[in-house]
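First the structure, in the form of structure tokens, and then the observations on it.
All chains are named by letter (A, B, ...) in the order of the sequence lines, taking the proteins before the strands, and each is independently numbered beginning at 1.
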Number of protein chains: 2
Amino acid sequence: MSRASDRAYGAIRSMILSGELASGAQLGEEALAEVCGVSRTPVREALRRLEADMLVVRTDTQRSFVADWSIDDVADAFELRAKLEGMAARRAAERMTAEVLDRIRSANRVIGVAVRQTKPDIAGFLDGNREFHAAVIDAAGSRRLAALLGSLVEQPVVWRTAYHYSREALNRSHSEHEELAAAFARGDGAWAEAIMTGHILRAYHAYADAHRGLAVPEPREVAA
Amino acid sequence: MSRASDRAYGAIRSMILSGELASGAQLGEEALAEVCGVSRTPVREALRRLEADMLVVRTDTQRSFVADWSIDDVADAFELRAKLEGMAARRAAERMTAEVLDRIRSANRVIGVAVRQTKPDIAGFLDGNREFHAAVIDAAGSRRLAALLGSLVEQPVVWRTAYHYSREALNRSHSEHEELAAAFARGDGAWAEAIMTGHILRAYHAYADAHRGLAVPEPREVAA
DNA sequence: ATGCAGAGTATTGTATACAAATATGGTTGG
DNA sequence: CCAACCATATTTGTATACAATACTCTGCAT
């Protein structure tokens, strides 16, 4: 069984990503320890990890809060992710193997099935998408690049917003994945990088479009 | 006064960067607590932070060791840094202010003085260099980008190797800084990005050249 | 009303004790 | 001689107690 600090980390993290713990909510160590059924020690460790993930911020007086992702923060994260995952795609293409290509194509099939439903299967789409991008990052073969991207892929609000994506956005995303797979098959690093970078930036715009259409509370300010 | 965990973090970090704690050395919590004059609790926190910085690795059985930076790891880190700091330079150029430009130019003067000594003042060069790059990263105005770059700029071995840089490498580095300042003054983001990316990659080659000339022990293997 | 001072409350930081897990070294059986 | 195994020593994980720090709310003075 996993360690208490891992369980606390996972529990708090998923509460943040799901929105159960809202932006700006204070994260008291005692209260979280209660919820997770452990002592403060593993909770403290979990909070520090989440802080490194930028899902949690601390004030200058050491109080922890759920990080507040303004629309600018999200744009910033996507811009960085576009650049870094572009690099990952190029490297992956340069060292592509049959096994990895299979993994990528099988992820694409999942996405294709999800997108073609009469009512698109968003959960399936997200699963396939996650697997596709994980495969690319693994194939890039850089622990460091993988670590940097780790803090950029999971963002609160963003995945939940996928449930409001337009069918056009979903179809375009799927065809871009196909195009990427083709570039990988040819070992065309420059092309893979260009497609991937554009793909992430378009994913951001799909998010921003869906986001604008929703009644989103203004992000409240949180101490630096 | 700073907190015990901060002192432990700084102490262990500088021991790693200076080489006092060599690659592959085991980092026992008890022993470090003794050295730092604190209990294990803050030491544990420091080790987790250093792990996030990738200066420390942990085995699958939770033992901590000083990370082993092979020449490939260093190349990888520089490649990422070149890309990200290129982004930072572009953003900085786009939002340049008179104050920031002053800060950058004053850092350049420090570099210029250090480089022009009959026997180059490497410590001064490194100080000016650090300040220059810190100013650019600050001016980019992205907390997230700054956080990602944080784990890439300080590398064990690398700075120590600067003491073996050739005069040509130092002069070229200085003139590149001047060229960057000029791009910033013009607000020329694309140019600043191009120069900065090349600048970092050349810094890597200066490192690799100096490194090859030294008697460097083969990196010993360390458990994953 | 507004701002400041102080006591009292709540929260975080550190040390320590003990439990759980892992490494080590020697012994035995093959 | 080697490998598997057990007892022991070492190391890490967690809980808890207490200290230090930060917050809050009241009352008072302006």
Side-chain angles (χ1 to χ4, degrees), chain A residues 1-16 20-68 220-224, chain B residues 1-16 20-68 220-224:
Chain A
M1 187 47 195
S2 66
R3 302 191 143 59
S5 64
D6 292 336
R7 276 181 288 132
Y9 174 77
I12 300 170
R13 178 186 159 96
S14 73
M15 284 192 286
I16 292 174
E20 189 176 339
L21 283 171
S23 264
Q26 179 158 11
L27 299 168
E29 296 175 358
E30 190 96 49
L32 290 173
E34 183 95 18
V35 169
C36 300
V38 297
S39 79
R40 274 178 54 213
T41 309
V43 168
R44 283 173 67 80
E45 189 173 319
L47 285 176
R48 300 301 156 84
R49 281 211 264 164
L50 291 162
E51 195 187 347
D53 295 344
M54 301 194 75
L55 291 174
V56 164
V57 295
R58 293 173 84 193
T59 65
D60 51 354
T61 60
Q62 317 298 116
R63 266 69 184 163
S64 298
F65 297 84
V66 176
D68 195 5
R220 71 202 85 161
E221 58 191 314
V222 71
Chain B
M1 184 51 190
S2 68
R3 303 194 141 60
S5 65
D6 292 337
R7 277 181 287 131
Y9 173 78
I12 300 170
R13 178 187 160 95
S14 72
M15 285 192 285
I16 292 175
E20 189 176 342
L21 283 169
S23 264
Q26 180 159 10
L27 300 169
E29 297 174 358
E30 190 95 48
L32 290 173
E34 183 93 17
V35 169
C36 301
V38 299
S39 78
R40 275 178 52 213
T41 310
V43 168
R44 285 173 65 80
E45 190 174 319
L47 285 177
R48 300 302 156 83
R49 280 211 264 165
L50 291 163
E51 195 187 347
D53 294 344
M54 301 193 78
L55 290 175
V56 164
V57 296
R58 293 174 86 193
T59 65
D60 51 355
T61 61
Q62 317 298 119
R63 266 73 185 162
S64 297
F65 297 84
V66 177
D68 195 6
R220 72 201 85 162
E221 57 192 315
V222 72

Take atom [atom1] of [X] and atom [atom2] of [N], then tell me their distance rounded to the nearest Å.
| X | N | atom1 | atom2 | value |
| --- | --- | --- | --- | --- |
| B:Phe65 | D:dT11 | CZ | P | 11 Å |
| A:Glu30 | C:dT9 | CD | P | 16 Å |
| A:Arg58 | D:dC23 | CZ | P | 13 Å |
| B:Arg3 | C:dT11 | CZ | P | 17 Å |
| B:Asp60 | C:dA21 | CG | P | 15 Å |

Where do B:Val35 and B:Ile12 land on the side chain to side chain contact (heavy atoms under 4.5 Å, CB included) test, with the steps shown first? CA-CA 9 Å; B:Val35 169; B:Ile12 300 170; over 6 Å; no
If you assign A:Thr61 and B:Glu29 each to the DNA chain D nucleotide with the nearest heavy atom, which residue ends up on the more 5' nucleotide? B:Glu29
Closer to the 5' end of DNA chain D via nearest nucleotide, is it B:Arg63 or A:Arg63? B:Arg63
Side-chain donor or acceptor of B:Ser64 paired with backbone N/O of B:Arg58 under 3.5 Å: no
Validation row: [X], [Y] side chains within 4.5 angstrom (heavy atoms):
| X | Y | answer |
| --- | --- | --- |
| A:Leu55 | A:Arg49 | no |
| A:Thr41 | B:Thr41 | no |
| B:Leu50 | B:Leu27 | no |

For C:dG13, does OP1 or OP2 lie under 4.0 Å from any side-chain N or O of A:Gln62? yes
Using a 4.0 Å heavy-atom cut-off, does A:Leu32 contact any base of the nucleic acid, only the sugar-phosphate backbone, or nothing at all?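 Nothing, no heavy atom under 4.0 Å.
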If you take any heavy atom closer than 4.0 Å to DNA chain C, which residues from residues 33-49 of chain B end up in contact? B:Val38, B:Ser39, B:Thr41, B:Pro42
Tell me if the CD atom of B:Glu30 is crowded by more than 12 foreign heavy atoms within 6.0 Å.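 Count not over threshold, so no.
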